[in-house]
Protein chains: 2
Amino acid sequence: MQDISPPRAQTARERARDQITAEIVAAARIRLAESGPADLSLRAVARDVGMVSSAVYRYFASRDELLTALLVLAYDDLGAATERADAAVADRDDFQARWFASLRGIRRWALANPGDYALLYGSPVPGYAAPQTTVEPAVRVILVILRIVTEGHAAGAIVVPASSDVGSDGGPGDAALAHAVGGAVQFVRSRGLVDGEVPLELVVRTLIAWTTVFGTISFELFGHLVGSVTDTDAYFDLLADRLFRDLGFGGPGSRDHD
Amino acid sequence: MQDISPPRAQTARERARDQITAEIVAAARIRLAESGPADLSLRAVARDVGMVSSAVYRYFASRDELLTALLVLAYDDLGAATERADAAVADRDDFQARWFASLRGIRRWALANPGDYALLYGSPVPGYAAPQTTVEPAVRVILVILRIVTEGHAAGAIVVPASSDVGSDGGPGDAALAHAVGGAVQFVRSRGLVDGEVPLELVVRTLIAWTTVFGTISFELFGHLVGSVTDTDAYFDLLADRLFRDLGFGGPGSRDHD
DNA sequence: GATTTTCGAGAGCAGTGCTCTCGCTAGAAG
DNA sequence: CTTCTAGCGAGAGCACTGCTCTCGAAAATC
């Protein structure tokens with residue numbers, strides 16, 4: 001195969017440019033770790049890499065563009081960390097172990113990189129809208145937990161929890177469900193995660209689990225659990241367990257292994 | 001009754017001071033609504049109220065102190081809105097209606113006041129630590145949902161969900177639970193919300209519900225649900241229903257009413 | 001070797017939080 | 001009613017921010 005673009009012989013200039021770009025991002029990431037995203041100063045970053053602020057603009061058109069680069073990097077880092085956590089479980093059919101490993105991996109990454117986490121899941125920087133390029137890296141972490149659920153379902157380890165029609169109106173529950181989480185269903189289909197029918201209630205439950213995990217981590221990092229949760233490590237495991245069971249895992253018949 | 005302190009005859013100076021203070025806060029709140037907390041400019045607020053920036057420092061020692069005032073105001077506003085939503089349900093034994101009303105009230109407030117919401121539940125402003133005075137107003141909204149759960153439990157409307165020992169170790173589940181959520185248990189007791197024993201699993205479930213509600217609202221406001229959840233109104237109701245049932249409400253025997 | 005592209009430095013603009021000083025004025029004290 | 005003082009608003013100023021523009025030097029290209 002012809003190496004068309006990626007490993008094409010870079011000119012010295014290009015190599016230097018890439019290297020300096022990486023240097024800037026690295027310096028920015030360090031500063032981000034010890035101050036919030038809103039506090040990130042382009043001038044300070046410039047000083048760190050031994051440049052004057054205007055020189056940085058040769059590499060990033062604006063502070064927002066630097067933030068976007070950090071965003072992509074952080075999403076990828078989180079995604080990779082979560083994938084690693086899941087992959088570390090040897091028995092691929094031990095969905096409980098995979099679930100715990102992945103969720104703990106997410107939380108561990110967040111605690112280790114609070115600045116990045118705040119950038120990703122905190123309040124958005126005012127006036128800043130993440131461009132489309134950030135979508136794909138953002139999806140990685142979701143895919144990990146989605147795969148556990150879909151594979152678990154395919155393996156018959158899930159008893160899809162009962163849906164309920166206790167909505168405000170007595171209408172047909174499934175149509176309402178399909179409409180509400182239509183995007184997620186389409187997403188799961190487009191990624192080829194499931195062939196055949198997608199149980200809507202499972203989609204809803206997975207969305208809830210996803211939201212709860214990040215909601216909990218955000219609460220922990222942002223100080224909202226102080227006073228209520230005494231042992232955050234233990235609480236998170238408790239949470240992971242409840243979410244796992246609410247998904248329909250570990251139901252009747254699938255005794256756990258110890 | 002003697003009016004001891006609150007309506008004590010204020011001097012003209014004090015009245016003027018309070019009025020201007022309120023004016024500043026009001027102006028700040030308006031600016032906050034259309035830009036994030038990090039973007040809130042004390043100088044801009046000063047301009048809005050027809051002052052020069054240094055004059056504002058006669059009323060607030062720093063920008064952070066202004067933010068704290070806004071924080072307290074916002075917490076109180078959210079708390080009041082939620083209390084109103086709950087109180088609007090005439091039948092106090094209709095816990096489902098109260099649950100939906102309260103949760104919807106929280107979300108409605110958040111959507112109507114995104115700036116305030118970001119201030120309360122977004123990433124904290126770097127270097128800013130909310131002082132103790134903000135704790136009490138912050139608690140109001142939690143108390144509303146806590147009351148629904150405790151009253152529901154006292155009324156026998158809840159079948160406390162089964163705990164599970166599927167933790168990492170096979171130790172005694174209840175001791176671990178008690179340790180993890182000890183703060184919450186103590187809180188519930190200190191507020192006199194429950195006399196007698198507090199079912200630990202219910203405490204855990206309530207904490208999870210609380211976290212999930214705010215996690216979902218944060219995700220919605222911060223744009224993380226775009227692409228997955230197509231109808232956010234409907235999804236939130238779906239969520240409220242699942243949380244309600246996971247708490248043990250609407251279990252066997254307590255058929256809902258329509 | 002001449003030319004064009006690329007890049008870093010520096011000055012500068014408008015904005016920020018915050019401090020300090022200086023008058024004015026309204027309320028308190030006599 | 002006069003004197004005095006405490007409180008307040010204005011202004012200048014400092015160090016910082018994001019960002020723009022110009023200029024000179026160096027490197028790649030022709």
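Proteins get letters first, then strands, A, B, ... in listed order; numbering begins at 1 in each. All values derive from a computational prediction rather than experimental measurement.
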| query | In whole angstrom, what separates A/R63's CZ from D/dT20's C1'? | reply | 17 Å

| said: Determine whether B/Y121 and A/S123 satisfy the following criterion, side-chain hydrogen bond (donor to acceptor under 3.5 Å, both in side chains), listing intermediate values before the conclusion. | reply: CA-CA 8 Å; B/Y121 295 101; A/S123 30; over 6 Å; no

| said: Below 30° counts as parallel, above 60° as perpendicular, anything between as tilted: where do the rings of A/F214 and B/F219 land? | reply: tilted

| said: Distance alone, cut at 3.5 Å: any donor-acceptor contact between the side chains of A/S62 and A/Y57? | reply: no

| remark: To the nearest angstrom, the CG-C1' distance between A/L40 and C/dT16 comes to 17 Å

| query | Would you say a side-chain N or O of B/S54 is under 4.0 Å from OP1 or OP2 of C/dC20? | reply | no

So which protein nitrogen or oxygen atoms get under 3.5 Å of nucleotides 4-7 of chain C's nitrogens or oxygens?
residue, atom, partner, partner atom, Å
C/dC7, OP1, A/R17, NE, 3.1
C/dC7, OP2, A/R17, NE, 3.3

| Integer-rounded Å distance: C/dT19 P and B/E65 CD | 11 Å

| task | Would you kindly give the CZ-to-C1' distance between B/F60 and C/dT16, to the nearest whole Å? | result | 19 Å

| remark: A/D39 CG to C/dG17 C1', in whole Å, measures 12 Å

| task | Hey, which sits more toward the 5' end of DNA chain C by its nearest nucleotide, A/V52 or B/A44? | result | A/V52

| field | Check: C/dG17 base within 3.5 Å donor-acceptor of B/R43 side chain | value | yes

| task | Measure the distance from CG on B/D18 to C1' on D/dG7 and round it to the nearest whole Å. | result | 14 Å

| task | Mind calculating the distance between CD (A/E14) and P (D/dT29) to the nearest angstrom? | result | 9 Å

| query | Of the candidate nucleotides D/dG11, C/dG17, D/dT17, which contains the atom at the shortest distance from the side chain of B/Y57? | reply | C/dG17

| said: Rounding to an integer number of Å, can you tell me how far A/D48 CG sits from D/dT17 C1'? | reply: 15 Å

| query | Knowing that exactly one of B/V229, B/V226, B/L111 qualifies, which makes a side chain to side chain contact (heavy atoms under 4.5 Å, CB included) with B/E220? | reply | B/L111

| Identified side chain to side chain contact (heavy atoms under 4.5 Å, CB included) partner of B/F60 from the options B/L66, B/L42, B/V45 | B/L66

| query | Side chains of A/T230 and A/Y235: is there a donor and an acceptor less than 3.5 Å apart? | reply | no

| request: May I ask you to verify if any side-chain N or O of B/S53 is less than 4.0 angstrom from the OP1 or OP2 atom of C/dT16? | output: no

| Given side chains that start at C-beta, do those of B/L40 and B/S35 come closer than 4.5 Å, heavy atoms only? | no

